[in-house]
Amino acid sequence: AMLLPLLSKGKTIGVISAQSDRPYAFDESDRQLFSGIASQVAIAIENVALFEETKRRLAETRLLQELMQTTASTLDFDEVLARAMEILKRHLRLDQLTFTIPSSDGTALYVHSSLQGPEVVPPGLAVPLDRSVSGMVYRTGEPQLIPDVREVPYFFGVTPGIRSELTVPVKVADRVVAILDVESYQVNAFDQEDLQLFQAIAAQLGVALENARLYKETRRRLSEALLIQEVMLAASSTLDFDLVLERTVKALHRALRVERVGFLLPDEQGRFLVAYPHASEAGEAGATRIPIANTLAGQVYLTGQPVLVHDTAARRVFPEQDSTSEPTVRSLLAVPVQSGPNITAVLQAESFRPGAFGEDEMRIFTTIAGQLAVTLENARLYKKLEAQTAELLKAYRELQEVTRLRTELVQNVSHELRTPLSLISGYTELLLEGDLGPLSPKQQEVLQTIRERSAGLARSIHNLTMLQNMPRMILERTQVSLADLLRSAIAGFQMLAEKSGIVFREELSADLPPLWGDRERLELVFGHLVENAIKFSPHGGTVTIRAWADEQWVYASVKDEGIGIPQDRLHLIFERFYQVDGSASRRFGGMGIGLALVWEIIEAHGGTVTVESEVGRGSTFTVALPRTN
Ligand code: ADP
């Protein structure tokens, strides 16, 4: 027999053998002939192999090219993966192909899509990080080529009957953003060439996905800003607490497209959180009242720390009452709405998809919650203010009514008093004049007292009526001298002053301008101020009466060394019927109308009355009247 190697570039690619039933059937010339044939065959085989290789490379190149073109024409993450899936399915004969993606916090892997569809491998299926080839690839960032999955202890079988697997990471920079996983029912179905091809595919996908991510990021930032703007606008356009919440929830719901968004507000007893307006799809409401104890939202309310649950299936913290125990709710985000040290509400979103919330949503929610806290606090204060205003208004109305009743009372009483009083005065005059017979000195003395007192009473009633009619007061102005007015007031009270041990001091400027005023009423003003000065100086002392003028005003002041007026009452003494000591056991008489009248009269003249006082040291009342040049 003769055996010759088929050599191609120094590599044996086969053997050519010739057999004969004779010994020494082949000689050197045969060997040379065969050798020639062998090299010809080798070249032919080589060519075929090269052709196959070229064809394969070409197909691969086409695949990659198509992948590049198609995936580059979309900027949507899901769409990139969907198109890649479609292209790979068309170009390669694959038993199973699955894309897996990590959750935003990198703690879990979820199936994105698979060749055999959702019936075999449901999207959203959680792939264990520590017990799967994809998990291994995700953690190490290195591809895995597994000839026989039965030899790999951490193989995570989803599609039944799978024997070999090739898994490569799709990376952006150094981050694994997706995992491409091909499986076969055959043992040892993938070789190094496949590995290289899929790595090239993964590289291609990485670029497309990164573009999609960047685009999405930009768009998201934009819509995030718009969303926050919208919420703020909605919130700031009203101070109605309920409306603020409602509008915010609507805006959030529209923007985030999650199944449920809502606020949870504590109830009066602080034992439950009550859902406030819950925007949800198909009017589906969810729990409207959840306990604060042992729930996630309750925990957020109590601690002020936000909570983000990527997958409730993986983390059922409070299995009993929590909404995370609802099987439909797969992920959850709850942030506190905090104003100052108080947590006023919890802003919560729930999704039926796992991993619906990430850092972005957390950021949006926190921002919105922060802004809302201010708005809600304003709204709350406003609500309180509204209630207070209503109360005040009620009190004011009551006061108005009391004032009206008082006015009526005063009018009636003064009317009822005036008639009998004038009768008393008349008869007293008659008696005193001796018209009704002679009087003993004692009787005369008594009648004198009756006359004085009646006159005093008549003055009081006159003052009362004058005060009541004040709004309609018409001044009878003539030219008057302030000095004269003051001197007559002093003269009028000289007797009373002497009785009370008071000394008057006059300091009247020589060049006082004349005034244009109502003499009778101004007399009343200064008379009353002087009378008060005497009345409220129980231990005597000096009452100083001054008068002076400047460019615009003419001033008169009455200063005493009496009991003084407490600082916090100063603003009240000009009120009608006000007395610092209004008790029945008060030391000083009066009705509390004198100063009110003084005020009204001076006001009607376009002037002002001010008072300075110190308890125990005395008071000074100053009247300023405009000059009439
Ligand atoms: P009345 O006629 O009761 O004195 P007024 O209107 O004149 O009423 O004064 C109101 C209150 O102001 C008085 O009851 C008194 O408490 C206080 N008051 C007025 N003048 C003086 C003063 N010169 N010194 C101390 N208290 C005064």
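Only heavy atoms go into these numbers, but all of them, side chains included; no hydrogens, no water, no symmetry mates. Note that ligands are numbered from 1 as they come in the structure, with each ligand's atoms numbered from 1 the same way.
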Evaluate the ring planes of Phe621 and Phe574, with Trp represented by its six-membered ring, and classify them as parallel (under 30°), tilted (30 to 60°) or perpendicular (over 60°).
perpendicular

Under 3.5 Å, is there a donor-acceptor pair between the Gln400 and Arg397 side chains?
no

For salt bridge (charged side-chain N to carboxylate O under 4.0 Å, His left out), just list the numbers for Lys394 and Glu391, CA-CA rounded to whole Å, side-chain angles, deciding distance to a tenth of an Å, and then say yes or no.
CA-CA 5 Å; Lys394 199 171 143 237; Glu391 256 169 54; over 6 Å; no

Tell me which part of Leu595 gets within contact of ligand 1: side chain, backbone, both or neither, using heavy atoms under 4.0 Å.
both

Sequence neighbours excluded - salt bridge (charged side-chain N to carboxylate O under 4.0 Å, His left out) pairs with any residue from residues 494-519
Arg487-Glu506, Arg505-Glu507, Glu507-Arg546, Asp518-Arg521

Should one rank Phe536, Trp599, Phe574 by closest heavy-atom distance to atom 24 (N) of ligand 1, which comes out on top?
Phe536

Atoms in ligand 1 with a heavy atom of Gly564 nearer than 4.0 Å
25 (C)

Taking the side chain as every heavy atom from C-beta outward, state whether Met362 and Phe357 have any atom pair closer than 4.5 Å.
no

Can you list the atoms of ligand 1 that are under 4.0 Å from a heavy atom of Lys535?
1 (P), 2 (O), 4 (O)

Applying salt bridge (charged side-chain N to carboxylate O under 4.0 Å, His left out) as the test, list every pair that has at least one member in residues 601-617; sequence neighbours left out.
Glu614-Arg617

For atom 17 (C) of ligand 1, which of the options Ile573, Val611, Ile593 provides the nearest non-hydrogen atom?
Ile573

Using a strict cut-off of 4.0 Å, indicate which atoms of ligand 1 neighbour a heavy atom of His528.
5 (P), 7 (O)

Heavy atom under 4.0 Å from ligand 1: found in Val598's side chain, backbone, both, or neither?
neither

Does ligand 1 have any atom sitting under 4.0 Å from a heavy atom of Phe621?
yes

